[in-house]
Every structure is written in structure tokens, then in C-alpha cells.
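The block underneath contains the structure these notes are about, expressed in C-alpha cells.
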Amino acid sequence: MSIKPARTRVAPSPTGHAHLATARVALYDYLLAKKTGGQFVLRIEDTDLKRTVPGTEQEIFDGLRWLGLQYDEGPDIGGKFGPYRQTERREIYMHHSKTLVGNGSAYPCFCTADHLEKVKQEQMKRKENPHYDGTCRNIDPGEAARRIANGEKYTIRFKMPKEGVTIAHDHVRGDIVTENAQLNDYILMKSDGLPTYHFAATVDDHEMQITHVLRGSEWLGTFPLHVNIVRAFGWEEPVWVHLSVFLKPSGKGKLSKRDTTLAASEGYSVFIKDMNELGFTPEGVNNWVALMGWGVAEDDVMNLDQMIERFSIDHLTPSPAAINFQKLDHFNATHIRLFTTEDLAGRIKPYFTREGLNVSDDVLLKVVPLLRERLVTLDDCLSFGSFFFKDDVTPAPEDLIAKGLDAKQSAAVAQRVYQILLAQPDISHERCEPPLRAYVEESGLNANQVFGNLRVATTGQKVSPPLFETMEIIGREKCLARIKNAIEVLEKM
RNA sequence: GCCCCCAUCGUCUAGUGGCCCAGGACGAAGCCCUCUCAAGGCUUAAACCGGGAUUCGAAUUCCCGUGGGGGCACCA
């Protein structure tokens with residue numbers, strides 16, 4: 001494997017909640033950088049002042065850290081290619097735009113937004129493709145300078161070649177050939193003095209010495225522009241990789257707001273910030289997201305280190321991928337089963353305490369092995385194991401009645417079980433299981449009837465971790481008290 | 001409307017001309033295990049969008065359809 005260190009970057013805009021697509025690009029960027037011994041950079045693309053949402057930048061920082069994708073350079077940690085927020089790099093773009101105007105690759109444009117809109121309407125009426133009509137393309141430089149000096153508002157446009165084709169090379173798709181006549185004189189610098197995405201990103205990628213640009217395929221349309229900008233400067237091109245888009249779970253259309261709400265109603269989310277609260281783990285999310293767009297033949301359960309080991313941009317896939325939350329569940333559950341007891345204990349504890357439960361670490365450490373393979377999401381620990389941390393349980397009376405028996409018979413069974421347990425010196429599962437099984441035998445009842453009854457009595461619920469191990473953790477005194485209570489309830493029915 | 005991209009089981013994918021009557025994973029179905037729920041084990045169903053062309057040979061190359069997706073802003 002070639003070992004030239006790659007510098008990669010994820011460049012989200014702080015305009016909304018960071019979501020899955022950002023997580024995936026960041027993951028691939030991170031994997032590629034780590035694999036090659038390079039750096040992974042976070043850059044904030046905040047040039048659209050109107051759309052910036054306060055707080056979302058912090059959400060990006062937090063989200064990436066939660067995922068374990070710590071960047072080597074970024075706005076909150078610095079680095080030698082900073083600043084890493086585009087609004088703090090105005091002079092850099094200004095400087096470079098002058099270079100392009102100077103070498104004839106770009107020009108100032110004085111057209112107003114109103115004028116542009118009118119032109120566009122007319123073009124559409126004539127069924128032409130909307131494009132800049134070139135009013136300012138050939139303004140004499142002297143005149144332009146005069147108008148600028150006069151305080152006239154202007155933008156800087158890229159002077160796209162009128163003829164020929166642009167060949168842009170994408171690493172997963174090969175050469176993409178576009179007729180220059182299809183291309184527009186895109187705006188590089190807005191009249192507010194800030195750059196557009198196209199300009200800012202290409203300038204920054206060069207300035208920050210980014211070697212591999214990974215981004216969503218929504219950029220394919222303006223890809224030729226970006227390539228032309230790089231070439232107008234005479235800079236070296238990075239390796240371009242356009243990733244597939246995420247489609248809604250049905251596969252029909254790309255993820256929309258509506259799907260987002262739907263996901264939320266079913267306990268899922270496409271926002272990174274929600275994942276933790278919903279009980280998903282960074283390992284699960286990373287693994288899930290990694291495999292949408294990265295083809296792995298077999299053994300697809302991987303942690304970050306294993307992904308670094310195996311990752312290659314040669315195995316990225318170009319086709320759109322429908323997201324599948326069932327698979328998220330699967331990866332999450334699988335990773336949970338791989339966690340050590342201590343690790344998992346630390347991860348589920350907050351879900352208990354969040355519910356106001358008093359969690360003793362001693363008990364928790366004993367509970368975890370019983371819970372581990374039953375958890376799909378971390379917060380499932382609540383439904384399976386809350387009773388471990390409660391003083392009392394209050395089973396629904398009807399649940400105490402064993403299948404096929406009535407209340408009175410159930411009470412008798414419980415009574416018998418109580419006597420058997422009382423006779424044991426301790427409540428270890430090794431000690432208690434044999435005599436109770438013997439009782440099942442001699443009573444002619446089935447295990448389900450006896451143990452089910454006991455389960456509800458001691459845990460308060462019909463579904464629980466394995467009974468005997470569970471009772472052992474609950475403790476002799478509490479178990480006996482709970483069974484006694486159950487008997488009373490049954491006798492009153 | 002114009003431009004661009006994509007196309008293997010329901011879904012994510014492996015496959016880079018013969019190893020493919022197409023492999024893995026999720027999901028589904030069945031069986032085993034079993035004190036509930038899980039986990040685990042075994043098994044089954046399930047795909048190369050259509051048509052041409054190249055070739056001794058095509059899921060794999062080319063062309064044309066069709067379908068899906070993206071873009072056509074002083075938004076990213």
C-alpha cells in the first residue's frame with residue numbers, strides 16, 4: 001500500500017443539525033488520514049451568514065468527538081493552516097480572487113440581483129437554460145476599476161471557457177466530461193465580500209494542503225467549475241472522491257424532513273446529536289454508516305482500528321444508498337456484545353441514573369453480563385434491568401397467575417417455592433436451581449409455570465434476564481419478601 | 001426543459017472477461033437450544049433492469065432504451 005500521508009478534511013456548514021452524511025464523510029476522511037499517517041482537518045464553512053444557526057458549530061465539534069473522530073486541526077484546537085473558519089479567512093479569498101482577475105480568469109460583475117432575476121425569467125420563458133448572460137464579462141478593466149472606486153457593488157465571476165470540454169477526474173467514477181458551453185460564469189466572491197462555496201473550498205483545500213477531497217455527490221454538478229478554478233491558479237489538484245447520497249429507507253428519493261420526523265417517531269434519528277440519547281453507540285453508528293458506500297465482502301463488524309486497517313478509497317461505491325435503521329440496530333447490538341463488562345457498565349449507568357435510580361457499581365457490574373446480549377440500544381437496559389435498582393416491585397396481579405392455573409393454585413406454587421428457597425443456606429443460582437427443578441418434576445407442572453410465576457414475583461415483570469442469576473443479584477432477603485408479597489396478592493384474588 | 005451521475009437478492013454490498021447455475025451481511029421463514037426475552041447454531045427463500053454489439057466466453061467491455069438520483073442561486 002502506498003504510504004504517502006493524506007491530508008483530508010470535513011467541511012460542514014453550521015446551518016443545521018449535523019447528520020449522517022457528515023458523519024460518513026468525516027469517518028472516511030479520518031480513516032484515510034489515519035491509515036496513511038496523515039492528518040484529518042475540520043473546517044467550518046460559514047460563509048452564508050444568513051443561514052448560520054448558532055450552536056450548530058459546537059454540535060459539529062461534539063458530534064465528531066462523540067463518534068471518536070478527533071480531528072488533528074480545527075477551529076477549536078488550531079493548527080498550522082488556520083484559521084479554520086472561513087469567515088476568518090476573508091483576506092485570503094480576497095487576495096486569491098485578485099490573482100484570478102489579474103490573470104484574466106475572473107472578472108468583476110456589477111449586475112444587480114434584480115437584473116439577474118429578470119434575465120433568468122426571460123431565459124426560462126424562452127425555454128433556454130438559465131445562465132449568466134455575460135453582461136459584465138468583457139467590461140474594460142479600467143472602467144471596472146473606476147466603477148469599483150465609485151463604490152458600486154460588485155461580485156467576482158469566473159470566466160468559464162466558452163468552448164471545448166472540461167475533463168474532471170473522480171476517483172470512483174473516472175473521467176467526467178462536460179461541455180464548457182453547459183457551464184456558467186459562476187460567482188466566486190459575493191458582493192458582501194465573502195466567497196461562495198466553490199471558491200472558498202478550492203482555495204482552502206489548496207492552502208491547507210488537502211490531498212484528498214471527499215464530499216457528497218451533490219457537488220458533481222459544479223465539479224468542473226472547481227477543477228477549472230484549481231487549473232486557473234495552476235495548482236495541483238487533489239484526488240477527488242464523490243460519495244453516494246443517502247436515500248430514504250424506502251429507497252425512493254433522498255432523505256427529507258419528513259423522513260427525519262418519521263425516524264424520530266420510531267426511535268431513530270439521522271442527527272448525530274440524538275444518537276447517544278437514543279442508546280446508540282459510536283461503534284454502532286460508525287460501523288453502520290461506514291458500510292453505506294464502502295463495499296466490504298465479509299466480516300463487516302469492525303471497530304475504528306479495524307476499519308483503518310481495511311479502508312481504501314478504491315472500494316468506495318458510487319450508487320445511492322437507502323438507509324436502513326434495522327441495520328443500525330444490528331451493528332449497535334453486535335458492538336454492545338463486544339464491550340467488556342466494565343466498559344458496558346460505564347455506558348449504561350447514565351441511562352439508569354437519568355431515571356432517578358440509585359445505581360451501586362457493585363450491583364451494576366454483576367448485572368451487566370446478564371443484560372449484555374439482550375440490549376439492542378443502551379437504553380434497553382431500563383426495560384430489562386431497572387428492577388435491580390429498586391427497593392420494591394409491584395407486579396400486575398394478573399401476571400402472577402401462572403399459565404393454565406388459577407390464582408389459588410398459583411399461590412400454592414409460590415408458597416412451595418418460598419419454602420424451598422427458605423430452606424437453602426444462600427440464594428446462589430447453583431444452590432437454588434436444582435431443588436426448584438426437582439419441584440417442577442414432582443409437581444407435574446412445567447418449568448414455565450413455576451419459573452414464570454417466580455420471575456414475575458421477584459422482578460415484577462414477565463420478561464427478565466435469566467431467573468436464577470437474577471435472583472442471586474437481587475439477594476435472598478428481597479427475593480423472599482417479594483415472593484411473600486406475591487402470595488398475599490394471589491390469595492386476595 | 002437542459003446537464004451530470006448511478007443501476008447485482010426487499011436493503012447494504014462482493015464481483016475489475018472464464019474460479020459465478022453469482023458470495024457475505026441485515027431483514028424474512030423454518031428447525032435446534034431454552035425458565036421469559038435474547039444470544040447462539042443449522043437450514044431455506046431471495047438478485048445480475050431490458051435490448052443490441054464485441055468475444056470462443058460477459059454480472060463484468062461498448063451502444064441504445066428504461067428506471068432511480070443529483071444539479072441548473074450573490075446556499076452550501
Side-chain angles (χ1 to χ4, degrees), chain A residues 11-16 45-48 50-51 109 111-113 116-117 120 124 127-131 153-157 170 172-173 176-179 181-184 186-192 194-198 200-201 215-224 242 244-245 247 249-254 288 291-301 314-315 317-331 333 337 371-376 380 383-384 433 436-437 440 446-456 459 461-468 470:
Chain A
S13 294
T15 53
E45 310 227 327
D46 56 351
T47 57
D48 188 347
K50 291 187 285 290
R51 291 204 310 152
C109 169
C111 296
T112 62
L116 261 18
E117 182 58 30
K120 187 172 153 190
M124 296 205 342
K127 301 223 178 209
E128 285 175 27
N129 291 332
H131 63 281
K153 283 261 188 194
Y154 68 100
T155 61
I156 302 288
R157 284 184 185 272
D170 174 80
V172 303
R173 289 158 227 266
I176 292 168
V177 183
T178 312
E179 303 254 354
Q182 294 296 335
L183 269 14
N184 213 339
Y186 294 93
I187 288 174
L188 267 22
M189 294 291 287
K190 301 183 277 187
S191 57
D192 64 2
L194 282 166
T196 57
Y197 166 85
H198 314 296
R215 40 145 66 153
S217 63
E218 64 268 26
W219 295 112
L220 236 27
T222 44
F223 182 26
H242 292 89
S244 58
V245 289
L247 269 23
S250 65
K252 303 239 175 278
K254 83 167 197 177
W288 177 52
L291 263 21
M292 288 187 286
W294 171 17
V296 172
E298 277 168 53
D299 300 324
D300 60 0
V301 175
D314 297 343
H315 294 133
T317 57
S319 39
I323 65 167
N324 179 347
F325 289 114
Q326 286 178 317
K327 208 144 184 173
L328 204 212
D329 281 341
H330 165 254
F331 281 120
R337 275 176 251 134
L371 255 31
R372 180 161 26 219
E373 62 214 28
R374 272 161 262 267
L375 306 181
V376 171
D380 286 343
S383 57
F384 276 110
E433 185 165 353
L436 286 171
R437 288 218 179 262
V440 169
N446 63 43
N448 238 325
Q449 291 171 305
V450 178
F451 298 156
N453 175 275
L454 184 53
R455 178 190 318 283
V456 175
T459 69
Q461 48 195 56
K462 292 206 275 194
V463 174
S464 84
L467 183 59
F468 300 104
T470 296

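Letters A, B, ... mirror the listed sequences (proteins, then strands); counts begin at 1.
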Applying a 4.0 Å non-hydrogen cut-off, can you work out what [X] is touching in the nucleic acid: base, sugar-phosphate, or nothing?
X: Lys153(A); answer: nothing
X: Ser13(A); answer: sugar-phosphate
X: Cys111(A); answer: base

When the [atom1] atoms of [N] and [M] are considered, how many whole Å apart are they?
N: C26(B); M: A73(B); atom1: C1'; value: 40 Å
N: U8(B); M: A22(B); atom1: C1'; value: 8 Å
N: G27(B); M: C42(B); atom1: P; value: 16 Å
N: U61(B); M: A7(B); atom1: P; value: 9 Å
N: U60(B); M: C4(B); atom1: C1'; value: 24 Å
N: G23(B); M: C9(B); atom1: P; value: 14 Å
N: A29(B); M: U66(B); atom1: C1'; value: 33 Å
N: C5(B); M: A46(B); atom1: C1'; value: 28 Å

Might you list the N or O atoms of the protein lying below 3.5 Å from N or O atoms in nucleotides 38-42 of chain B, with each pair's distance?
from: A38(B); atom 1: O2'; to: Glu373(A); atom 2: O; distance (Å): 2.5
from: A39(B); atom 1: O3'; to: Arg337(A); atom 2: NH1; distance (Å): 3.4
from: G40(B); atom 1: OP1; to: Arg337(A); atom 2: NH1; distance (Å): 3.2

task: Could you label the plane-to-plane angle of the Trp219(A) and His198(A) rings as parallel, tilted or perpendicular, counting under 30° as parallel and over 60° as perpendicular?
output: perpendicular
Would you say [X]'s side chain and [Y]'s backbone share a donor-acceptor pair under 3.5 angstrom?
X: Ser13(A); Y: Thr15(A); answer: no
X: Gln461(A); Y: Ser383(A); answer: yes
X: Asp380(A); Y: Val376(A); answer: yes
X: Asn324(A); Y: Gln326(A); answer: yes
X: Lys327(A); Y: Leu291(A); answer: no
X: Arg173(A); Y: His242(A); answer: yes

From Leu375(A) atom CG to Asp329(A) atom CG, the distance as rounded to the nearest 0.5 Å: 12.0 Å
Taking all non-hydrogen atoms of both residues, which atom of [X] and which atom of [Y] are closest, and how far apart?
X: Glu373(A); Y: Arg337(A); value: CA-CG, 3.8 Å
X: Gly295(A); Y: Thr317(A); value: N-CG2, 4.3 Å
X: Leu371(A); Y: Pro465(A); value: CD1-CG, 3.8 Å
X: Gly251(A); Y: Ala322(A); value: CA-CB, 3.8 Å

[atom1] of [X] versus [atom2] of [N]: gap in Å, rounded?
X: Lys254(A); N: G71(B); atom1: NZ; atom2: C1'; result: 10 Å
X: Glu218(A); N: C72(B); atom1: CD; atom2: C1'; result: 15 Å
X: Phe223(A); N: C72(B); atom1: CZ; atom2: C1'; result: 18 Å
X: His198(A); N: G71(B); atom1: NE2; atom2: P; result: 12 Å
X: Glu117(A); N: C75(B); atom1: CD; atom2: P; result: 13 Å
X: His242(A); N: G70(B); atom1: NE2; atom2: P; result: 16 Å
X: Ile176(A); N: C4(B); atom1: CD1; atom2: P; result: 10 Å
X: Ile156(A); N: A73(B); atom1: CD1; atom2: P; result: 20 Å

query: Is there a side-chain contact between Ile323(A) and Trp288(A), using heavy atoms and a 4.5 Å cut-off?
result: yes
message: Can you confirm whether Glu179(A) is buried at CD, in the sense that more than 12 heavy atoms of other residues, nucleotides or ligands lie under 6.0 Å from that atom?
response: no
query: More than 12 non-hydrogen atoms from neighbouring residues, nucleotides or ligands closer than 6.0 Å to CZ on Phe325(A), yes or no?
result: yes
N/O-N/O pairs, protein side and nucleotides 33-35 of chain B side, under 3.5 Å:
from: C35(B); atom 1: OP1; to: Arg437(A); atom 2: NH1; distance (Å): 2.8
from: C35(B); atom 1: OP1; to: Arg437(A); atom 2: NH2; distance (Å): 2.6
from: C35(B); atom 1: O2'; to: Arg455(A); atom 2: NH2; distance (Å): 3.3
from: C35(B); atom 1: O2; to: Arg455(A); atom 2: NH2; distance (Å): 2.3
from: C35(B); atom 1: N3; to: Leu467(A); atom 2: N; distance (Å): 3.2

query: side chain to side chain contact (heavy atoms under 4.5 Å, CB included) between Lys190(A) and Thr196(A): does it pass, once the steps are laid out?
result: CA-CA 7 Å; Lys190(A) 301 183 277 187; Thr196(A) 57; 3.7 Å; yes
task: Please test Arg157(A) against Ile187(A) for side chain to side chain contact (heavy atoms under 4.5 Å, CB included), starting from the C-alpha separation and ending with a verdict.
output: CA-CA 4 Å; Arg157(A) 284 184 185 272; Ile187(A) 288 174; 3.7 Å; yes
query: G68(B) phosphate, OP1 or OP2: any side-chain N/O from Lys252(A) under 4.0 angstrom?
result: no
message: Quick check on G71(B): is either OP1 or OP2 less than 4.0 Å from any side-chain nitrogen or oxygen of Thr222(A)?
response: no
Could you go over nucleotides 45-48 of chain B and give all protein N or O partners under 3.5 Å, atom names and distances?
none

message: side chain to side chain contact (heavy atoms under 4.5 Å, CB included) for Asn129(A) and Gln182(A)? Distances and angles first, verdict last.
response: CA-CA 9 Å; Asn129(A) 291 332; Gln182(A) 294 296 335; 4.1 Å; yes
Partner nucleotide of [N] by Watson-Crick or wobble geometry (both distances under 3.5 Å):
N: A22(B); value: none
N: G40(B); value: C32(B)
N: C62(B); value: G52(B)
N: G67(B); value: C6(B)

- request: Could you please name the option among A76(B), U36(B), C6(B) that lies closest to any side-chain atom of Ser464(A)?
  value: U36(B)
- line: Ranking C2(B), G69(B), C37(B) by distance to the side chain of Asn129(A), first place goes to C2(B)
Polar-atom pairs under 3.5 Å, protein N or O versus N or O of nucleotides 7-13 of chain B: list them with distances, or write none.
from: C12(B); atom 1: OP1; to: Ala322(A); atom 2: N; distance (Å): 2.9
from: C12(B); atom 1: O2'; to: Leu291(A); atom 2: O; distance (Å): 2.4
from: C12(B); atom 1: O2; to: Lys327(A); atom 2: NZ; distance (Å): 3.3
from: U13(B); atom 1: OP1; to: Gly293(A); atom 2: N; distance (Å): 2.8
from: U13(B); atom 1: OP1; to: Thr317(A); atom 2: OG1; distance (Å): 3.3

Output one line per pair: protein atom, nucleotide atom from nucleotides 59-63 of chain B, and distance, for all N/O pairs under 3.5 Å.
none

field: Test ring-ring contact (aromatic ring centres under 6.0 Å, His included) applied to Phe468(A) - qualifying residues, sequence neighbours left out
entry: Phe451(A)
